[in-house]
Participant: 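Below you will find the structure I want to go over with you.
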Amino acid sequence: MIATSQQLADVLRPVKHVLLDFDGPVCSVFAGLPASEVARRLRVYLQAVDAQDLVGGGEETDPLVLLRRIADARPDLAEGADSALAALETEAVRIGKPNPGGEAVLLACARSGRSVSVVSNNAGTAIEAYLRDHGLSGLVAGVFGRVPGDPSSMKPSPRLLHAAMETQETTSRQCIFIGDAVRDIEAGHAANIPTIGYANKPGKLAKLLAADPIAAVQSMEIIADALVAL
Ligand SMILES: [Mg+2]
């Protein structure tokens with residue numbers, strides 16, 4: 001079920017720290033430079049280090065899945081591949097598309113005295129570049145991108161959520177996590193943080209609900225509105 005404004009208000013009232021996924025809620029990272037093109041360029045990088053056979057032909061178009069495969073098969077290449085991908089992600093966010101309501105949530109958190117930490121499988125350097133370009137850095141207390149060279153840190157691992165909570169010196173009871181993927185909700189469960197599923201595309205809602213979020217929404221604006229109304 002989609003959360004009503006009242007349900008959202010109840011969920012958000014005790015929250016002091018908002019943990020926010022990046023790709024989806026804040027920005028559509030690969031809207032300008034498609035993920036499939038980023039994956040292709042990552043393969044070109046692998047050719048250059050003579051390791052193209054690691055990830056097969058062109059069938060996998062998710063660069064983060066490729067990174068995980070590379071690190072599993074050749075841990076010695078993980079760091080180099082990660083920084084090659086981070087550079088591509090930085091290029092992508094520069095022509096990515098701001099997500100409607102993403103900035104409104106950042107502003108609503110600032111106005112209501114709640115901190116925001118971005119917790120994402122994307123590279124922290126790319127996220128920071130996006131926030132700088134859009135004048136949003138001052139609205140974000142911390143950026144927790146994947147640990148460079150260590151894709152096992154990515155969600156559904158709770159590791160990045162734990163890092164954000166530690167930095168904010170808080171506990172899961174004062175936090176909420178907002179993400180648009182099943183792995184976000186799984187990471188939230190693993191970290192014991194209630195997670196709002198953001199269904200930003202048709203057909204995503206059922207999948208997110210099956211992962212048992214504390215609430216589900218179809219727009220970020222409704223979260224911003226609920227925060228402002230509290
Ligand atoms: Mg996402």
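As the structure lists them, so they are numbered: ligands from 1, and atoms in each ligand from 1. Computed from heavy atoms alone, side chains included, the values below leave out hydrogens, waters and symmetry copies. Every value quoted in this text rests on a predicted model; they were computed, and no experiment measured them. The residues of the chain are indexed from 1 along the displayed sequence.
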Participant: State the atom name: nearest N, O or S atom of D21 to the Mg ion (ligand 1).
Facilitator: OD2

Participant: Would E89 and R94 pass as an ion pair if we require N to O under 4.0 Å?
Facilitator: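 Here E89 does not pair with R94 in a salt bridge, since their nearest N and O are not under 4.0 Å apart.
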
Participant: Does a side-chain N-to-carboxylate-O contact under 4.0 Å join R41 and E37?
Facilitator: yes

Participant: Of all N/O/S atoms in D180, which lies nearest to the Mg ion (ligand 1)?
Facilitator: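 The closest N, O or S atom of D180 to the Mg ion (ligand 1) is OD1.
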
Participant: With a cut-off of 2.8 Å, does D184 place any N/O/S atom under that distance from the Mg ion (ligand 1)?
Facilitator: no

Participant: What atom name does the N, O or S atom of D23 nearest to the Mg ion (ligand 1) carry?
Facilitator: O

Participant: Determine whether I127 and M220 fall in the same hydrophobic cluster, where Ile, Leu, Val, Met, Phe, Trp and Tyr are linked whenever their side-chain heavy atoms lie under 4.5 Å apart.
Facilitator: yes

Participant: Going by heavy atoms in the side chains, are D133 and V93 under 4.5 Å from each other?
Facilitator: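 No, too far: nothing below the 4.5 Å cut-off.
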
